[in-house]
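I have placed the structure first, in the form of structure tokens, so that the comments after it can refer back to it.
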Amino acid sequence: MAGRKISIGCIADDFTGATDVASIFAKAGMRSSILIDVPEDGTVVDADAVVVALKTRTIDPSLAVEQSLAALRWLRGEGASKLYFKYCSTFDSTERGNIGPVTDAMLAALDSDFTVACPAFPANARTVYKSNLFVGDVPLSESGMRNHPLTPMTDSNLVRVLAPQTTRKVSACYHETVKLGVDAVRAWSAQARAEGFGVGVIDAMDDQDLEVIAEALSDDPLLTGASGLAYGVARVLRKGIAQSQSANRIDVRPGSRAVISGSCSTATNAQVQRMLRDHEGFKIDVAHLAHGRDVVSEALRWAEGRLGEKPVLVYATAIPEEVKANQAKFGVADAGDMVETALSDIAKAFVEGGVSEMIVAGGETSGAVVKALGIKRLDVGREIAPGVPWVSAPHAHGPIALALKSGNFGGTDFFLEAWDSLS
Ligand code: ADP
């Protein structure tokens, strides 16, 4: 049984997304916990917002549906009447899914016939206008996301992106309607439902739009989006919840520091280059992995004697041309898997060797590392940059402080400055 009634249950399709959304609820004064994978029966959680972190973004759609429904059943069993499906603010998906299939399945399980798709996250410069997603000043298809190793996004129009992924009809709610306010959005959703639409891509340009959308749809059992709409939901929910002063206090244990980077995003490439200016780094060579070289032992030997308060960097991060060349030679999935396995083996050995504070860059990479460490729960601490909080994981060696950074997040100095917000 839960220690308290869960106000909102979230299902996140990757681990950095889970920490990102949980941090939104923590900032609103709600006690927030992240559970890794579908919790086992008997798991006790004492929080207002519970986020189940899955790694379902790029797996087979049927498996993504199965795991998401298991998480949904668990959350409902613990009393969560409001559900939120959290995906990336750049709508990371492929033609097969998994945003569409998971949304369809969750709606069916909740006996509901309509929800919105709202990836806008204005705090991180993701806005949606006339159903087109913008990353900063450029449309999604012109952003670095067009080169993503696993989910290249080459169309900015989300109605077109979502349509092939869902069995439901996709409608759109333009900003003209959102800016009219709560009643107008309610009227739009009632009409879309009546006309047989199952999902509506909804525009949002700023936080006020997100509050309007959350308020308008506050009776719906399911909302879907990135952390931006969760911000709106938190603003609505916090009115009925006692604020917790300890909402973002976490356990920290002194130890060595490391950065593990498997993201190849534009932002992460810049962060890695910045760190290498005055820190040492070990680059994982995908060809060496493919040829069976013991790259993990090489990295650990390199790190010996270097681990300490000054963080070391182990990275596979590469520019798009290099990633494409690796994928052409070794296959997209195999290249990704080899890198994720190597980085997570290294992270595990680091923790066993005394690393207690670690930044992991990349959603898939973070998922692999957290799983390799055998972590089951993350408590949410202070935010470092929009969308990236420190989290604390109970572990046999004592608590580990982790910053799980989604590829596109954080300023250029993130790997250098994040440590300051731990103390
Ligand atoms: P992001 O948050 O930027 O999307 P992810 O970790 O989710 O980062 O995805 C990056 C993927 O690219 C991972 O599967 C990772 O293993 C893979 N990858 C990392 N470095 C390379 C590389 N040099 N060549 C090919 N694939 C790589």
Side-chain angles (χ1 to χ4, degrees), residues 12-21 53-59 86-94 98-99 119 121 124 126 135 140 143-153 226-227 259-273 281-291 295-296 299 313-347 358-372 385 387-388 402-410 414-415:
D13 70 349
D14 86 337
F15 286 28
T16 51
T19 56
D20 170 8
V21 74
L54 300 179
K55 196 172 178 301
T56 47
R57 184 167 294 167
T58 55
I59 64 174
K86 157 73 177 71
Y87 40 78
C88 190
S89 59
T90 41
F91 215 70
D92 301 14
S93 51
T94 67
N98 288 331
I99 295 176
F121 190 11
N124 261 334
R126 275 50 160 173
V135 178
L140 176 67
S143 75
M145 280 306 296
R146 71 187 184 285
N147 295 316
H148 191 278
L150 307 175
T151 51
M153 300 303 290
S227 291
V259 179
I260 302 277
S261 181
S263 156
C264 297
S265 71
T266 312
T268 308
N269 267 289
Q271 289 155 350
V272 165
Q273 288 314 315
F282 182 95
K283 179 157 183 185
I284 302 289
D285 187 325
V286 181
H288 289 175
L289 290 172
H291 296 136
V295 176
V296 171
L313 169 66
V314 176
Y315 64 106
T317 304
I319 55 172
E321 294 71 31
E322 192 179 327
V323 173
K324 287 206 176 94
N326 286 334
Q327 293 181 330
K329 267 189 245 156
F330 310 116
V332 176
D334 285 353
D337 285 351
M338 284 188 292
V339 169
E340 287 174 34
T341 305
L343 290 178
S344 45
D345 286 351
I346 292 164
M358 188 154 66
I359 298 173
V360 187
E364 296 292 324
T365 310
S366 294
V369 167
V370 165
K371 283 196 173 176
V388 200
L402 293 169
L404 307 179
K405 189 196 82 76
S406 163
N408 294 304
F409 288 179
F414 185 92
F415 293 161

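Every number for a ligand or one of its atoms is a count from 1 in the order of the listing.
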So what's ligand 1 close to, N/O to N/O, under 3.5 Å?
| from | atom 1 | to | atom 2 | distance (Å) |
| --- | --- | --- | --- | --- |
| ligand 1 | 2 (O) | Gly363 | N | 2.9 |
| ligand 1 | 2 (O) | Gly407 | N | 2.9 |
| ligand 1 | 3 (O) | Ser263 | OG | 2.8 |
| ligand 1 | 4 (O) | His148 | NE2 | 2.5 |
| ligand 1 | 6 (O) | Glu364 | N | 3.3 |
| ligand 1 | 6 (O) | Thr365 | N | 3.0 |
| ligand 1 | 6 (O) | Thr365 | OG1 | 2.6 |
| ligand 1 | 7 (O) | Gly363 | N | 3.2 |
| ligand 1 | 7 (O) | Glu364 | N | 2.7 |
| ligand 1 | 14 (O) | Glu340 | OE2 | 2.6 |
| ligand 1 | 16 (O) | Gly336 | O | 2.9 |
| ligand 1 | 20 (N) | Ala316 | O | 3.2 |
| ligand 1 | 23 (N) | Ala316 | O | 3.0 |
| ligand 1 | 23 (N) | Asn326 | ND2 | 3.4 |
| ligand 1 | 24 (N) | Asn326 | ND2 | 3.0 |

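- Looking at heavy atoms from C-beta onward, Val272 lies in side-chain contact with Phe415 at the 4.5 angstrom threshold.
- Side-chain N/O atoms of Asp20 and Ser227 include a donor and acceptor closer than 3.5 Å.
- Using a 4.5 Å heavy-atom cutoff, the side chains of Gln327 and Pro149 are in contact.
- Ile260 places a side-chain heavy atom less than 4.5 Å from the side chain of Ile346.
- The side-chain hydrogen bond (donor to acceptor under 3.5 Å, both in side chains) pairs that include a residue from residues 262-271 are Ser263-Ser265, Ser263-Thr268, Ser265-Thr268, Thr268-Lys405, Gln271-Lys405, where partners are two or more places apart or lie in different chains.
- You'll find the side chain of Asn408 reaches within 4.5 Å of the side chain of Thr90, heavy atoms only.
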